[in-house]
S.K.: 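Sharing a structure here in structure tokens format.
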2 protein chains.
Amino acid sequence: MDAANQPNEDPDQPEFSGTLTLGGLEQVLGFHLRLANVAVFQDFQATMSGLALTPKQFAVLELIDNNAGASQIDFAQCLRMDKATMMALVNKLEGRGAIERRPSQVDRRRQELFVTEEGQRLLVEAKALRQGHEARFTDRFSEAELEQFKAFLRRIYQDGRTLPRPPA
Amino acid sequence: MDAANQPNEDPDQPEFSGTLTLGGLEQVLGFHLRLANVAVFQDFQATMSGLALTPKQFAVLELIDNNAGASQIDFAQCLRMDKATMMALVNKLEGRGAIERRPSQVDRRRQELFVTEEGQRLLVEAKALRQGHEARFTDRFSEAELEQFKAFLRRIYQDGRTLPRPPA
DNA sequence: TATTGTTATACTCTATAACTATA
DNA sequence: TATAGTTATAGAGTATAACAATA
């Protein structure tokens with residue numbers, strides 16, 4: 001159907017001790033995407049284990065810092081997650097004193113989110129750790145390659161073209 | 001610390017109804033990687049909902065098909081997952097009759113995995129559905145771009161350079 | 001009616017630890 | 001001793017559904 005499906009080059013070795021044949025999987029973009037994501041995620045967790053901060057928590061913390069006063073739903077939409085999921089995440093960040101909720105004066109349904117001073121310290125520490133983490137991957141690329149790589153990734157998720165059902 | 005942290009261009013709009021400022025996050029490779037992964041994952045699930053096949057299940061099924069007789073641990077290592085996680089996945093595929101375990105004659109600890117005829121039919125159906133799914137993303141790229149994109153992703157995960165602690 | 005936040009709940013994915021049978 | 005498989009379990013992440021307050 002697609003490219004070469006080459007048979008095992010060494011038929012006397014049925015033990016598969018080392019590498020497996022990827023076959024058609026080799027052509028599947030999402031397959032490579034997921035493996036890359038796993039590799040980065042695992043390194044991130046190992047790097048941040050001292051701070052107990054997941055990539056998503058870090059992202060939300062940084063987003064709140066860059067958009068002080070926005071609401072949970074704003075952040076949830078930006079990161080493509082459910083509002084209930086965001087709720088749990090915000091609870092955790094608030095529970096450790098990194099952020100705080102303040103009821104909006106304009107729309108009393110909304111809770112505006114802000115990074116606390118404690119959160120600022122956490123952010124500084126986390127950003128420092130992230131530099132090492134990032135470098136471990138980015139130093140495999142030239143500056144130009146890196147820009148193109150990010151542009152490719154953006155092209156995948158940018159428009160909501162593939163996102164299923166805007167909630168009815 | 002890094003690039004421009006431009007303030008809100010329209011200070012009269014504190015509602016953040018639309019887009020948020022990504023700030024430093026914009027420079028973080030893992031951030032783009034995760035969003036792209038989410039976009040592809042969600043489209044995959046929507047596409048495969050009729051077959052109730054997750055990306056990982058599909059990958060394992062196809063891997064078994066391409067490497068008939070390999071063991072669970074071989075597949076787990078290939079996909080960077082734990083043997084217990086693979087166990088659950090293999091149970092599910094076996095439960096729906098898509099694969100079968102056969103005890104190895106050479107090493108009686110091992111269970112060799114094979115795709116059944118039922119599994120072959122599932123694979124054919126799934127591959128057909130995947131074509132549409134894949135095209136929804138790949139048609140945003142030229143052939144050359146796609147190859148480079150995959151090469152970039154491979155560069156991220158290929159060597160285990162970043163994988164933490166080979167189990168002591 | 002629609003939206004924001006909230007709670008409760010359930011389901012999936014994942015890894016850890018402990019066990020067995022083999023090697 | 002080490003490895004393959006297995007089981008039990010617990011944690012994190014996720015979404016769904018229902019509800020209250022507000023718009």
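Just so it is clear: chains get the letters A, B, ... in the order the sequence lines come, proteins before strands, and each one is counted from 1. Quick caveat: nothing in here was measured; it's all calculated off a predicted structure.
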S.K.: Quick one: which of D:dA15, C:dG5, D:dT7 gets closest to the side chain of B:Met87?
M.R.: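 That would be D:dT7.
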S.K.: Can you tell me the distance, in whole Å, between the CD atom of A:Gln77 and the C1' atom of C:dT4?
M.R.: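 The distance from CD of A:Gln77 to C1' of C:dT4 comes to 11 Å, rounded to the nearest Å.
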S.K.: Which label fits B:Phe149 and A:Phe149: parallel for a plane angle under 30°, tilted from 30 to 60°, or perpendicular past 60°?
M.R.: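 Judged by the thresholds at 30° and 60°, the geometry between B:Phe149 and A:Phe149 is perpendicular.
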S.K.: When the distance from CE of B:Met86 to P of D:dA4 is rounded to whole Å, what number comes out?
M.R.: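 About 13 Å, once rounded to whole Å.
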S.K.: Using atom CD of B:Gln72 as one end and atom C1' of C:dT22 as the other, report the distance to the nearest whole Å.
M.R.: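 From B:Gln72 CD to C:dT22 C1': 15 Å.
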S.K.: Side chain of A:Lys83: nearest nucleotide among D:dA18, D:dT6, C:dT22?
M.R.: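 Of the candidates, D:dA18 comes closest.
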S.K.: Just the rounded figure in Å: distance from C1' of C:dT6 to CG of A:Leu113.
M.R.: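 So the two atoms are 14 Å apart, to the nearest Å.
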S.K.: In whole angstrom, give the distance that lies between atom CG of A:Asp74 and atom C1' of C:dT3.
M.R.: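 It works out to 12 Å between those atoms.
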S.K.: Closest heavy-atom contact between A:Leu20 and B:Ala70?
M.R.: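 The answer is CD2-CB, 4.2 Å.
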S.K.: Could you tell me how far apart A:Leu79 (CG) and D:dA15 (C1') are, to the nearest whole angstrom?
M.R.: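 It works out to 16 Å between those atoms.
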S.K.: Quick one: which of D:dA23, C:dA23, D:dT16 gets closest to the side chain of A:Ala84?
M.R.: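 Nearest to the side-chain atoms of A:Ala84, counting from C-beta on, is D:dT16.
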S.K.: What I want to check is whether an N or O donor and acceptor connect the side chain of A:Arg109 with the base of C:dT3 at under 3.5 Å.
M.R.: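 In this structure, the two groups form a donor-acceptor pair.
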S.K.: Using the side-chain heavy atoms of A:Lys56, tell me which of these nucleotides is nearest: D:dA23, D:dG13, C:dT22.
M.R.: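 Minimum distance to the A:Lys56 side chain belongs to D:dG13.
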S.K.: Using the ring of each side chain (for Trp, its six-membered ring), is A:Phe44 parallel, tilted or perpendicular to A:His133, with breaks at 30° and 60°?
M.R.: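 The rings of A:Phe44 and A:His133 stand perpendicular, inter-plane angle above 60°.
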S.K.: Considering heavy-atom distances to DNA chain C, does A:Arg101 or B:Arg108 have its closest nucleotide positioned more toward the 5' end?
M.R.: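 Going by which nucleotide is closer to the 5' end, it is A:Arg101.
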S.K.: Rounded to whole angstroms, how far apart are CG on B:Asn91 and C1' on D:dT7?
M.R.: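 About 10 Å, once rounded to whole Å.
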S.K.: By nearest atom, which of the nucleotides C:dC13, C:dG5, C:dA15 is closest to the B:Thr54 side chain?
M.R.: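 Closest of the options to the side chain of B:Thr54: C:dC13.
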S.K.: Under 3.5 Å, is there a donor-acceptor pair linking the side chains of B:Ser104 and B:Asp107?
M.R.: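 Not at all, the side chains of B:Ser104 and B:Asp107 share no donor-acceptor pair under 3.5 Å.
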S.K.: For C:dT6 and A:Gln111 - does any side-chain N or O of the residue sit under 4.0 Å from the phosphate oxygens OP1/OP2?
M.R.: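 Result: yes.
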S.K.: List the atom of A:Leu25, the atom of B:Ala59, and the distance in Å for their closest heavy-atom pair.
M.R.: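 Residues A:Leu25 and B:Ala59, closest heavy atoms: CD2-O, 3.7 Å.
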S.K.: In whole angstrom, give the distance that lies between atom CD1 of B:Ile73 and atom P of C:dA21.
M.R.: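 About 17 Å, once rounded to whole Å.
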S.K.: Which listed nucleotide (D:dA15, C:dT4, D:dG13) is nearest to the side chain of A:Asp82?
M.R.: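 Nearest to the side chain of A:Asp82 among the choices is D:dA15.
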S.K.: With DNA chain D as reference, determine whether A:Lys92 or B:Val90 sits nearer its 5' end, using the nearest nucleotide of each.
M.R.: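 Of the two residues, B:Val90 wins.
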S.K.: Indicate whether OP1 or OP2 belonging to C:dA15 is found under 4.0 Å from a side-chain N or O atom of B:Thr85.
M.R.: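 It does, given that an N or O in the side chain of B:Thr85 lies less than 4.0 Å from OP1 or OP2 of C:dA15.
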